[in-house]
Amino acid sequence: MSLGIKAMAQTEPANYAAAVSKFTAFYNSNQPDSIYKMFGPEMVSALTFDNFKTTTTQLRSQLGNLTQTAFTSYASQVALYKAIFQNGALALSISLNKQNQIIGLLLKPLQPPATTVTASSNVDPSLDESPFTVKTLSCNIHGTLTMPKNASGKIPVVLIIAGSGPTDRNGNSPKMDLETNAYKDIAQGLAKNGIASVRYDKRMIGESVTSNKESDLRFDDYIDDAVVIIQTLNQDERFSKVIVLGHSEGSLVGMLACRDQPVKAFISIAGAGDQADKILTEQLKSKPQYMQDEFKTLLDSLKKGKTIDDIDPRMYSIARPSIQRYLMSWFRYPPQRVIKTLKIPVLIIQGTTDLQVTTADADKLKKGKSDATLLIIPGMNHVLKEAPADRDQNLATYNKPDLPLKAELMPGIISFINGVN
């Protein structure tokens, strides 16, 4: 469960990493003159400062700050990155000379992935999928209802709640370089066993776009959206019972949404056992000490209800000013205490090769809800696929949507649901 902290599988040249870091810092600080000073003679002769400043100003007004640069490849002195801004993403290519001056700099639209037709990307002919929409006070939430074809009588329905970041209903996120189809695969696996499901794009993601700004979003908005869907499903005569399944951050959203609602059971997959502030602090231990110190200062301020606008640009992916109030609202909920309040059957699932959430988290949730069922799946990673502990090989599965779910996952879920009254 991460807000932009992710190691890349390829090796980024150190001089390019330093140049991109400087570029990001100067760009976010609105210092085009400092960027221009990084240019080599070839760039200076081809581009005047006034033209560069105009272009940079237009870029900032359209896309906002640069929140993350994800290295993708390096060849022939050109490094390629995925540049993720507040309001979009572009492909960034940069070239350096022997003095580490920038001699090539290009931002262009990302190439959409090639469309391939595979058995796993198509809907199984034994299933029916249809659009699902609910209206909340501030937006419309769009998703997909998956049903067994020719279902007779009332059947269970599972609400699938996505994890952190801009993750869509299928478990994919172009901004995070994530393509797993994990939630889609869960939905189809359920339907093949006579169980319906709804998976949806979180507000401000995919089809669930709103006019709200990022700074307006609160963690409680996600909870409220899930509650509206739960109530809608409960009133649908096709369904015998509502079960909530939350993955990663969606685990906490799901358990909070279950409280005082007509839900018969809850399933947590890769759910954190600690509060979010502790999670982010732990993730930052791999970062430079100054970032850890600055984040601690920010945490102390947020706990007092005060935001900090002057944040190091390299912290923007996890603590930019526009998400600080969201962080405050997220930090309020300790998962162990929340899960303890649930008066319904609970299944806790955790993989042993998950790089983001560990079996220790599952143990903490189990401690909070002692009568919960705990299922530990050897060799399952955070995106619910079979993966080794090796970091690079593990992360490689994040972009393989045709990989099946770990074999033990669906039988464990289905057995639990069938046992719920």
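Quick note: numbers below take in every heavy atom, side chains included, and nothing from hydrogens, waters or symmetry partners. All values reported here derive from a predicted model rather than from experimental measurement.
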Approximate separation, where rounding is to 0.5 Å, of M255 CE and I348 CD1:
7.5 Å

Mark yes or no for whether S93, through its side chain, and L80, through its backbone, hold a donor-acceptor pair below 3.5 Å.
no

When you measure from the side chain of D354 to the backbone N and O of Q356, does any donor-acceptor pair fall under 3.5 Å?
yes

Residue pair L92, L105: steps toward the side-chain contact (heavy atoms from CB on, under 4.5 Å) verdict:
CA-CA 7 Å; L92 165 67; L105 182 67; 3.6 Å; yes

For the residue pair R60 and Y27, would you count it as a cation-pi contact if the rule is NZ or CZ under 6.0 angstrom from the ring centre and within 45 degrees of the ring axis?
yes

Take F23 and L66, measure what side-chain contact (heavy atoms from CB on, under 4.5 Å) needs, and give me the verdict at the end.
CA-CA 10 Å; F23 173 85; L66 179 55; 4.1 Å; yes

Ignoring hydrogens and geometry, is there a side-chain-to-backbone donor-acceptor pair from Q350 to T359 under 3.5 Å?
no

Hey, is the main chain of P411 close enough, under 3.5 Å, to the side chain of S415 for a donor-acceptor pair?
no

Inspect the surroundings of CG in D260 and state if more than 12 heavy atoms from other residues, nucleotides or ligands are less than 6.0 Å away.
no

Hey, are the side chains of R325 and S215 touching, using non-hydrogen atoms and a 4.5 Å cut-off?
no

Donor-acceptor contact below 3.5 Å, side chain D201 vs main chain E207:
yes

Hey, does the side chain of Q324 reach the backbone of I308 with a donor-acceptor pair shorter than 3.5 angstrom?
yes

Can you find a side-chain donor-acceptor pair between H142 and T133 that sits under 3.5 Å?
yes

May I ask you to say whether K202 pairs ionically with D225, meaning some side-chain N is under 4.0 Å from a carboxylate O?
no

Does the Q292 side chain pair with the main chain of K287, one donor and one acceptor, at a distance under 3.5 Å?
yes

Is the shortest side-chain heavy-atom distance between V158 and I417 below 4.5 Å?
yes

Donor-acceptor under 3.5 Å (Y16 side chain, L96 main chain):
yes

Looking only at heavy atoms, the pair that brings V242 and P262 closest together is CB-O, 3.9 Å

With side-chain contact (heavy atoms from CB on, under 4.5 Å) as the test, would you mind laying out the steps for V383 and L178 before giving the verdict?
CA-CA 9 Å; V383 296; L178 189 70; 4.0 Å; yes

Between E214 and Y326, do the side chains contain a donor N or O and an acceptor N or O under 3.5 Å apart?
no

How about E408 and M380: do any of their side-chain heavy atoms sit closer than 4.5 Å?
no

Should N172 and T180 count as side-chain neighbours, where that means a heavy-atom distance under 4.5 Å?
yes

Has K241 got more than 12 heavy atoms of other residues, nucleotides or ligands less than 6.0 Å from its NZ?
yes

What is the minimum heavy-atom distance between D361 and G273, and which atoms define it?
OD1-N, 2.8 Å

T281 side chain to D277 backbone, donor-acceptor under 3.5 Å
yes

Value rounded to 0.5 Å, distance of CZ in F416 from CG in L375:
11.0 Å

Nearest 0.5 Å, what's the CG-CG distance between L190 and D185?
11.0 Å

Is the F219 ring parallel, tilted or perpendicular to the W330 ring (thresholds 30°, 60°)?
parallel

So Y398 and H382, do their side chains get closer than 4.5 Å, heavy atoms only?
yes

Do S208 and Y200 have side-chain heavy atoms sitting under 4.5 Å apart?
no

Would a 4.5 Å heavy-atom cut-off, applied to side chains only, mark N193 and N418 as touching?
no

Would you call E129 and R199 a salt bridge, taking side-chain N to carboxylate O under 4.0 Å as the test?
yes

Around atom CD of E386, are there more than 12 heavy atoms from other residues, nucleotides or ligands closer than 6.0 Å?
no

Kindly check if the number of other-residue, nucleotide or ligand heavy atoms within 6.0 Å of CG (D390) is above 12?
yes

Salt-bridge criterion met for R218 and D220 (N-O under 4.0 Å):
no

Just how far is it from atom CD of E12 to atom OG1 of T69, taken to the nearest 0.5 Å?
7.0 Å

Do you see a donor-acceptor pair shorter than 3.5 Å between the side chains of T297 and D300?
no

What's the separation between atom CG in L63 and atom CD in Q58, rounded to the nearest 0.5 Å?
11.5 Å

Shortest non-hydrogen contact from K369 to L342?
NZ-O, 2.6 Å

Close side-chain approach of T167 and I205, heavy atoms under 4.5 Å:
no

I need the minimum non-hydrogen distance between T353 and N394, along with the two atoms involved.
O-ND2, 2.7 Å

Grab the two heavy atoms, one from G254 and one from I161, that are nearest each other, plus how far apart they are.
CA-CD1, 3.6 Å

Would you indicate whether K154, at its atom NZ, is surrounded by more than 12 heavy atoms from other residues, nucleotides or ligands within a distance under 6.0 Å?
yes

N381-T397 side chain donor-acceptor pair, cut-off 3.5 Å:
yes

Between CG on residue L302 and CZ on residue F295, distance to nearest 0.5 Å:
7.5 Å

Given L365 and S268, is the side-chain contact (heavy atoms from CB on, under 4.5 Å) satisfied, shown in steps?
CA-CA 9 Å; L365 293 179; S268 169; 3.8 Å; yes

Least distance between heavy atoms, G271 atom then V357 atom
O-CG1, 3.5 Å

For the NZ atom on K149, are there more than 12 heavy atoms of other groups (residues, nucleotides or ligands in this structure) within a distance under 6.0 Å?
yes

